[in-house]
Amino acid sequence: MNLSDFKEIEKRYSFNYPKLYYRLLDSGMLDWGLTKPDWYKTEFPKLKSKPPLLLFGEDFEILSSKEEIIEEIDCFSDEDDYRQTKKEFYNKFIPFGKTGAGDLYCFFLDDKYNIHSIVLVWHDANEANILSENLEDFIFRQLLECVIEPYEEGLIMSGDFKENINNQLFTHKDFISTKQNKILQEVYKREMDNGLLTRNEVTKILSEIGIESSSFEYQEE
């Protein structure tokens, strides 16, 4: 995707992407390479030394097609869609990533079409999880959660785990706060023991710097 693609989506749904998202775009951080069946063999080796946005994140895959993003947004307002989204949420979920199972990471818009928070919208459950108030905090959360019991077959374990996470921190450090960067540096120094953090530790760290989680139902009863 390029600048004109993002501008087209903004105009179509009457909102503005965060300035940080445009900084990521300008820095090439939204480019995961060409989407194709052999991506792991052809694209991943080029990316792993300078990881783009959350390449080694916690169950995160970037949405890199304007058409796919528009389709996902419009599905929420399709009365025949299996999720039966409440009308109050039509055009309020702007996807930018997804999980391996197809759940969507979205910018969640308020009634004035300003970005309210970052949410994970579950496709097979009537639930949307608020993960953070802004993109910076979402990135920080992901950089913490990706070192909780990393999945053996996941990208983060392809090659050297420590090298991968440190490379990712290096390319992401300018998109998080100084305090968040320092926390991650300390965590990443730990010795590997089924991961570097427990989920309880992550919850405590997030709470201490004011990043709380909550959820709401988004489907009709």
Side-chain angles (χ1 to χ4, degrees), residues 1-3 6 17-36 39-64 96-100 105 107 115 118 120 131-199 201-211:
M1 288 178 62
N2 54 39
L3 180 61
F6 284 109
Y17 280 105
K19 291 181 180 178
L20 179 57
Y21 208 57
Y22 278 112
R23 283 181 53 210
L24 289 163
L25 174 65
D26 290 341
S27 301
M29 289 289 286
L30 302 184
D31 184 2
W32 274 42
L34 298 175
T35 302
K36 48 188 178 179
W39 176 89
Y40 180 78
K41 291 182 178 179
T42 61
E43 302 296 316
F44 177 64
K46 306 175 197 173
L47 301 172
K48 61 181 301 185
S49 62
K50 294 182 179 179
L53 182 64
L54 302 176
L55 180 69
F56 299 120
E58 168 64 13
D59 198 8
F60 179 89
E61 300 173 18
I62 200 162
L63 292 180
S64 56
F96 63 93
K98 62 183 178 181
T99 67
Y105 294 101
F107 297 110
I115 292 176
I118 307 297
L120 176 62
L131 303 177
S132 66
E133 291 185 358
N134 55 60
L135 184 58
E136 177 183 88
D137 288 347
F138 171 73
I139 292 172
F140 175 65
R141 174 190 281 273
Q142 277 277 329
L143 295 179
L144 285 174
E145 292 183 338
C146 73
V147 297
I148 302 173
E149 298 183 5
Y151 182 51
E152 192 64 36
E153 282 75 35
L155 293 179
I156 199 169
M157 299 300 286
S158 179
D160 185 273
F161 168 75
K162 279 294 190 78
E163 181 180 344
N164 288 339
I165 61 173
N166 285 316
N167 285 342
Q168 181 167 250
L169 180 56
F170 180 79
T171 58
H172 286 62
K173 62 183 176 61
D174 293 334
F175 307 104
I176 56 177
S177 71
T178 300
K179 182 176 182 179
Q180 290 170 344
N181 187 38
K182 288 181 179 178
I183 292 171
L184 289 164
Q185 286 182 20
E186 289 301 315
V187 169
Y188 287 7
K189 288 178 183 177
R190 295 184 179 186
E191 292 300 318
M192 180 71 158
D193 181 19
N194 197 26
L196 303 182
L197 286 168
T198 66
R199 196 155 295 278
E201 285 178 307
V202 168
T203 299
K204 182 180 179 182
I205 291 171
L206 293 174
S207 179
E208 287 175 346
I209 64 173
I211 303 175

Task: CG on Leu120 to NZ on Lys98, rounded to 0.5 Å - done: 13.5 Å

Open item on the list: Closer than 3.5 angstrom, by distance alone: can the side chain of Trp32 be matched with the main-chain N or O of Pro51 as a donor-acceptor pair?
Closed with: no

Task: Gln142 side chain to Glu58 backbone, donor-acceptor under 3.5 Å - done: yes

Task: Worked check of side chain to side chain contact (heavy atoms under 4.5 Å, CB included) between Ile62 and Leu54 - done: CA-CA 8 Å; Ile62 200 162; Leu54 302 176; over 6 Å; no

Task: Interatomic spacing from CD1 in Ile139 to CZ in Arg141 - rounded to 0.5 Å - done: 13.0 Å

Open item on the list: Closer than 4.0 angstrom, basic N to acidic O: yes or no for Lys162 and Glu191?
Closed with: no

Open item on the list: So Pro18 and Glu136, do their side chains get closer than 4.5 Å, heavy atoms only?
Closed with: no

Task: Closest approach of Gly195 to Pro150 (non-hydrogen atoms, all atoms of both residues) - done: CA-CD, 3.7 Å

TODO: Could you grab the distance from atom OG1 of Thr198 to atom NZ of Lys204, nearest 0.5 Å is fine?
DONE: 10.0 Å

- [ ] For Tyr22, look at atom OH and say whether over 12 heavy atoms of other residues, nucleotides or ligands are found less than 6.0 Å away.
- [x] yes

Task: Close side-chain approach of Lys50 to Asn167, heavy-atom, < 4.5 Å - done: no

- [ ] Could you tell me whether a side-chain N or O of Ser132 sits under 3.5 Å from a main-chain N or O of Asn134, the two making a donor and an acceptor?
- [x] yes

Task: Donor + acceptor pair across side chains of Ser158, Tyr40 (<3.5 Å) - done: yes

TODO: Taking all heavy atoms of Gly33 and all of Asp31, pick out the closest pair and write down the distance.
DONE: N-OD1, 2.8 Å

- [ ] Check the pair Leu196, Phe161 against side chain to side chain contact (heavy atoms under 4.5 Å, CB included), reporting the backbone distance first and the verdict last.
- [x] CA-CA 11 Å; Leu196 303 182; Phe161 168 75; 4.0 Å; yes

Task: Aromatic Phe44 / basic Lys41 pairing, under 6.0 angstrom, 45° off normal - done: no

Open item on the list: To the nearest 0.5 Å, what is the distance between CZ on Phe138 and CG on Leu143?
Closed with: 9.5 Å

Open item on the list: Go through it in stages, so that I can follow the logic: the residues are Glu149 and Arg199, the test is side chain to side chain contact (heavy atoms under 4.5 Å, CB included), and I'd like the CA-CA distance, side-chain angles, deciding distance and then a yes or no.
Closed with: CA-CA 9 Å; Glu149 298 183 5; Arg199 196 155 295 278; over 6 Å; no

Task: Heavy-atom neighbours of Asn2 CG exceed 12 at 6.0 Å - done: yes

TODO: Starting at CD of Gln168, measure out to CD of Glu163 and round the result to the nearest 0.5 Å.
DONE: 13.0 Å

- [ ] For salt bridge (charged side-chain N to carboxylate O under 4.0 Å, His left out), just list the numbers for Glu186 and Lys182, CA-CA rounded to whole Å, side-chain angles, deciding distance to a tenth of an Å, and then say yes or no.
- [x] CA-CA 6 Å; Glu186 289 301 315; Lys182 288 181 179 178; over 6 Å; no

Task: NZ/Lys36: more than 12 non-hydrogen atoms of other groups inside 6.0 Å - done: yes

Open item on the list: So for atom CD, which belongs to Glu133, do other residues, nucleotides or ligands contribute more than 12 heavy atoms lying within a distance under 6.0 Å?
Closed with: no

Open item on the list: Has Asp137 got a side-chain atom pairing as donor or acceptor with Ile211's backbone, closer than 3.5 angstrom?
Closed with: no

Open item on the list: Ring-plane angle category for Tyr105 and Phe60, please: parallel below 30°, perpendicular beyond 60°, tilted otherwise.
Closed with: tilted

